[in-house]
Amino acid sequence: MYEKINVYEYLSGISYPGRGIICGMTEGTTHAVSAYFIMGRSANSRNRIFREEDGGTVTIYPFDPSKVEDPSLVIYSPVRQHGDSLIVTNGDQTDTVYDGLCRGKSFEDALLTRTYEPDAPNYTPRISSVCNVRVGSAEYKMSILKSLEAGGACLRATWHYEGVSGTGHLIHTYEGDGSPLPSFCGEPRTIQIPSDIDEFANGLWNALDDDNKISLYVRFTEWGSGKIETRLFNKYSD
């Protein structure tokens, strides 16, 4: 059995985890939980905000459009809803998974068409999740696509979890700061998730490095009613 770690202590101990996805269940197994955060070191990466849109979508926009240098890897929709499935990723593969599900493909099959990001020398991993919530049950999958060696073959891993009370999993792009940035290693971290959305969202936001954190989105979905509650944080607000 995996020991659950305190996610706030874990994140506060890493100056630059990069982008991160959390999936899991609240204590009491009443809500499915999904969260996504982004961080940035360059001016281009820091010039971003989250906005909630119709249909369960969250899109990243430039805070100051006049300062956008390269939108290809920083402007995308990290969150999209497809039926009972909530898709969360760290790039435009959100649309790849969404389009694949629309065509009857699996989460894994859709991601077979993608690889890690072409941002040498970091070759940032693509991390993705899909959480399926139905009355009385929930399950989720998490994926990483990362370079086995600088710009070489792609390692593809997927984990499939059944919902467990008070338990979630965190995957993020980098093990910490560095040059080049070291990619995430091992399995998603097993974490504790409380029942209160504000406790969880505020705890995550406060744990992220003040200099590097940019935005955070947290969503709780009630099993029985499907009622959705969200929290959104932007370092810069428009």
Side-chain angles (χ1 to χ4, degrees), residues 2-41 45-53 56-61 63 77-81 86-90 127 129 131 133 138 140 142 161 163-177 184 188-223 225-238:
Y2 291 94
E3 180 181 355
K4 290 187 284 187
I5 63 174
N6 183 307
V7 68
Y8 317 130
E9 293 178 358
Y10 176 82
L11 287 174
S12 65
I14 307 175
S15 63
Y16 199 67
R19 288 164 274 173
I21 298 172
I22 292 172
C23 289
M25 304 294 130
T26 59
E27 292 178 358
T29 324
T30 58
H31 292 78
V33 176
S34 292
Y36 181 64
F37 64 80
I38 62 171
M39 306 183 80
R41 300 187 304 174
S45 293
R46 291 181 173 182
N47 183 36
R48 296 184 287 174
I49 57 173
F50 284 0
R51 289 183 187 156
E52 285 189 87
E53 301 180 320
T57 297
V58 174
T59 300
I60 299 174
Y61 289 93
F63 173 65
S77 294
V79 180
R80 291 189 70 179
Q81 183 79 41
L86 185 70
I87 305 159
V88 182
T89 89
N90 73 325
I127 54 174
S129 71
C131 183
V133 182
Y140 52 96
M142 307 187 88
Y161 301 98
V164 176
S165 176
T167 301
H169 292 87
L170 162 66
I171 190 169
H172 47 91
T173 52
Y174 309 123
E175 287 292 308
D177 217 330
F184 180 88
R189 313 304 187 234
T190 305
I191 65 169
Q192 299 171 324
I193 298 183
S195 59
D196 184 85
I197 188 173
D198 288 310
E199 175 187 345
F200 188 56
N202 289 324
L204 291 175
W205 185 246
N206 292 332
L208 295 171
D209 182 82
D210 282 337
D211 291 332
N212 294 322
K213 67 184 179 185
I214 303 300
S215 297
L216 166 69
Y217 175 78
V218 177
R219 170 169 157 169
F220 278 29
T221 304
E222 191 174 46
W223 278 26
S225 67
K227 179 182 177 182
I228 295 169
E229 195 171 3
T230 66
R231 298 291 185 269
L232 189 151
F233 299 78
N234 284 314
K235 186 171 185 178
Y236 310 109
S237 58
D238 57 357

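Note that these values count all heavy atoms, side chains included, but never hydrogens, waters or copies made by symmetry. Everything numeric here is computed off the predicted structure, so don't read it as measured data.
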Quiz item: Nearest heavy-atom pair of Phe220 and Val218: which atoms, and what distance?
Solution: CE1-CG1, 3.9 Å

Self-check item: Counterpart residues, side-chain contact (heavy atoms from CB on, under 4.5 Å), relative to Ser45 (two or more places apart)
Solution: Ser42, Arg48, Val74

Quiz prompt | Pairwise distance CE(Met25) to OG(Ser165) - rounded to 0.5 angstrom | solution = 10.0 Å

Show me the donor-acceptor pairs, under 3.5 Å and distance only, between side chains in residues 196-205 and residues at least two apart or in other chains.
| unit_1 | atom_1 | unit_2 | atom_2 | d |
| --- | --- | --- | --- | --- |
| Asp196 | OD2 | Asp198 | N | 3.0 |
| Asp196 | OD2 | Glu199 | N | 2.7 |
| Asp198 | OD1 | Arg231 | NE | 2.6 |
| Asp198 | OD1 | Arg231 | NH2 | 3.4 |
| Asp198 | OD2 | Arg231 | NH2 | 3.3 |
| Asn202 | ND2 | Asp198 | O | 3.0 |

Self-check item: CD1-CD1 distance between Ile214 and Ile38, expressed to the nearest 0.5 angstrom
Solution: 6.0 Å

Exercise. Scan side-chain atoms only and decide if Glu222 and Ser225 contain a donor-acceptor pair under the 3.5 Å cut-off.
Key: yes

Self-check item: Basic-acidic side-chain contact under 4.0 Å: Lys4, Glu27
Solution: no

Exercise. Assess whether side chain to side chain contact (heavy atoms under 4.5 Å, CB included) is satisfied between Tyr36 and Val58, documenting all intermediate values.
Key: CA-CA 10 Å; Tyr36 181 64; Val58 174; over 6 Å; no

Self-check item: Asp177 and Arg41 ion-paired at < 4.0 Å
Solution: yes

Quiz item: Any luck finding a side-chain donor-acceptor pair between Gln192 and Thr167 under 3.5 Å?
Solution: no

Exercise. Looking only at non-hydrogen atoms, find the nearest pair between Ala32 and Val133 and report the distance.
Key: CB-CG2, 3.4 Å

Quiz item: Atom CD1 of Ile60 and atom CD1 of Ile49: how far apart are they, to the nearest 0.5 Å?
Solution: 10.5 Å

Quiz item: Under 4.5 Å between any side-chain heavy atoms of Ile22 and Ser34, yes or no?
Solution: no

Quiz prompt | Closest approach of Asn90 to Ile127 (non-hydrogen atoms, all atoms of both residues) | solution = OD1-N, 2.9 Å

Quiz item: For the residue pair His169 and Ile191, what are the closest heavy atoms and their distance?
Solution: N-CG1, 4.0 Å

Exercise. Any chance you could lay out the side chain to side chain donor-acceptor pair (under 3.5 Å) test for Glu52 and Thr230, step after step, and finish with the verdict?
Key: CA-CA 9 Å; Glu52 285 189 87; Thr230 66; 3.1 Å; yes

Quiz item: What residues form a side-chain hydrogen bond (donor to acceptor under 3.5 Å, both in side chains) with Arg219, not counting sequence neighbours?
Solution: Gln81, Thr221

Self-check item: Sequence-distant partners of His172, side-chain hydrogen bond (donor to acceptor under 3.5 Å, both in side chains), two or more places apart
Solution: Tyr10

Quiz item: Can you tell me how far CG of Leu232 sits from OG of Ser215, rounded to the nearest 0.5 angstrom?
Solution: 7.0 Å

Exercise. Taking all non-hydrogen atoms of both residues into account, name the closest pair between Leu86 and Gly56 and its distance.
Key: CD1-O, 4.4 Å

Quiz item: With Glu53, which residues qualify under side-chain contact (heavy atoms from CB on, under 4.5 Å), at least two apart?
Solution: Thr57, Thr59, Tyr61

Self-check item: From Leu170 atom CG to Ile193 atom CD1, the distance as rounded to the nearest 0.5 Å
Solution: 9.5 Å

Quiz prompt | Test item: Ile87 and Thr89 side chains (from C-beta on) under 4.5 Å apart, heavy atoms | solution = yes

Practice problem: Kindly determine whether Lys213 and Phe37 satisfy side chain to side chain contact (heavy atoms under 4.5 Å, CB included), including the steps that lead there. | Solution: CA-CA 8 Å; Lys213 67 184 179 185; Phe37 64 80; over 6 Å; no

Practice problem: List for me each residue that meets side-chain contact (heavy atoms from CB on, under 4.5 Å) alongside Ser129, sequence neighbours excluded, and say none if there are none. | Solution: Ile21, Cys23, Val88, Met142

Quiz item: Is Thr173 reaching over with its side chain to a backbone N or O of Pro17, donor-acceptor style, under 3.5 angstrom?
Solution: yes

Exercise. Check whether the side chains of Ser15 and Asp209 place a donor and an acceptor atom closer than 3.5 Å, and report yes or no.
Key: no

Exercise. Under the ring-ring contact (aromatic ring centres under 6.0 Å, His included) rule, what do Phe50 and Tyr217 come out as? Steps first, then yes or no, please.
Key: CA-CA 8 Å; Phe50 284 0; Tyr217 175 78; 7.3 Å; no

Quiz item: Out of curiosity, Leu216 CG to Asn234 CG, how far, rounded to the nearest 0.5 Å?
Solution: 9.5 Å

Quiz prompt | Minimum-distance pair of heavy atoms, taken over all atoms of Arg46 and Tyr236 | solution = O-CE1, 3.2 Å

